[in-house]
Amino acid sequence: MTITRTTLQRWAVRDAAARNGYRIDVPAAEVDVTPGAQLMRGVPRTETVTGAAVAFCVSQHSTEMFRAAFGDGQDFPTIGRMIDIASQAEDLGRAGILSTVAQARYGGAYGSRRNVIRVRDAARAEWRELSERLDDARSTMVYGGTSTAEE
């Protein structure tokens with residue numbers, strides 16, 4: 001199969017439309033076929049508008065949610081140290097964050113594969129816990145705020 005620029009653009013447009021909530025499998029209506037009538041057409045798939053509004057409001061409070069989930073960082077020492085090192089780095093690609101944390105925590109040579117793997121696994125375990133806490137904080141802000149407003 002030869003993939004041309006046109007094919008690649010068609011795939012990209014189709015994927016972008018699907019991400020934005022447009023249904024490609026729905027046949028075109030008469031409004032879509034008539035030139036200029038699209039300007040008068042309503043928003044397709046309006047059920048996604050509510051979700052977009054909630055996502056926008058929640059994203060404005062991402063700092064508060066992270067602070068609520070992360071706390072003072074005592075439960076996440078590996079991630080906390082990685083954040084400290086990353087905040088001081090000029091180029092994250094060259095900072096060697098995992099290697100620096102591994103050497104500080106376990107000693108040994110800089111970039112030791114075994115120690116880097118240990119730090120990576122510890123960070124993954126901490127990330128799973130932090131993700132759960134972030135989900136809880138998000139649901140508390142979204143659903144807790146709506147239930148208190150209704151009462």
Side-chain angles (χ1 to χ4, degrees), residues 1 3-28 32 38 41-151:
M1 176 177 183
I3 299 174
T4 63
R5 173 176 271 172
T6 305
T7 306
L8 193 59
Q9 287 174 341
R10 187 176 322 125
W11 289 346
V13 168
R14 184 173 293 163
D15 290 345
R19 280 193 306 272
N20 289 330
Y22 291 95
R23 298 282 310 265
I24 298 170
D25 57 341
V26 177
D32 293 328
Q38 295 91 350
R41 184 176 181 196
V43 176
R45 305 290 177 212
T46 56
E47 65 270 5
T48 60
V49 173
T50 305
V54 169
F56 176 73
C57 293
V58 169
S59 69
Q60 290 180 337
H61 298 287
S62 60
T63 304
E64 291 84 1
M65 285 186 288
F66 186 79
R67 285 184 185 147
F70 194 71
D72 60 358
Q74 289 181 351
D75 296 337
F76 311 105
T78 306
I79 293 177
R81 183 68 182 130
M82 292 170 77
I83 291 172
D84 290 341
I85 293 170
S87 66
Q88 298 169 5
E90 291 181 21
D91 183 4
L92 288 176
R94 297 178 180 263
I97 296 170
L98 287 175
S99 298
T100 304
V101 172
Q103 187 178 27
R105 177 164 291 175
Y106 302 112
Y110 178 83
S112 170
R113 179 169 170 76
R114 178 179 299 204
N115 291 339
V116 168
I117 290 172
R118 288 170 67 184
V119 166
R120 182 193 66 196
D121 292 343
R124 281 182 178 167
E126 290 177 12
W127 178 250
R128 281 190 291 273
E129 174 65 27
L130 183 58
S131 294
E132 290 176 11
R133 289 188 187 184
L134 285 168
D135 290 340
D136 291 342
R138 185 180 312 109
S139 65
T140 300
M141 287 187 118
V142 172
Y143 300 114
T146 57
S147 66
T148 57
E150 294 172 358
E151 294 174 358

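The first residue of the sequence shown is numbered 1, and numbering continues consecutively from there.
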For residues R81 and V119, determine if any side-chain heavy atom of one lies less than 4.5 Å from a side-chain heavy atom of the other. no
So, for A95 and Y110, which heavy atoms are closest and what is the spacing to 0.1 Å? O-OH, 4.0 Å
For the residue pair A89 and L92, what are the closest heavy atoms and their distance? CB-CD2, 4.1 Å
Rounded to the nearest 0.5 Å, what's the gap from CE on M82 to CD on E126? Could you check? 9.0 Å
CZ-OG1 distance between R124 and T78, expressed to the nearest 0.5 angstrom: 13.0 Å
Considering all heavy atoms, the nearest G107-N115 contact: O-ND2, 3.1 Å
Under-4.0 Å salt bridge between R118 and D121: no
Taking R138 as the fixed residue, which of D135, T140, D136 is the one that meets the side-chain hydrogen bond (donor to acceptor under 3.5 Å, both in side chains) rule? D135
Between R128 and E132, does at least one N-O distance fall below 4.0 Å, as a salt bridge requires? no
Residues that Q103 engages under side chain to side chain donor-acceptor pair (under 3.5 Å), provided they are two or more places apart: none
Begin with the C-alpha distance, continue with both residues' side-chain angles, and end with the deciding distance and a verdict on side chain to side chain contact (heavy atoms under 4.5 Å, CB included) for S62 and F66. CA-CA 6 Å; S62 60; F66 186 79; over 6 Å; no
CD of E129 to CG of L134, rounded to nearest 0.5 Å, is 10.0 Å
Kindly give the heavy-atom pair with the smallest separation between A137 and A68, and that separation in Å. CB-CB, 4.4 Å
Nearest 0.5 Å please: distance from the CD1 atom of I97 over to the CD1 atom of I83. 10.0 Å
Over 12 foreign heavy atoms within 6.0 Å of CZ, R120: yes
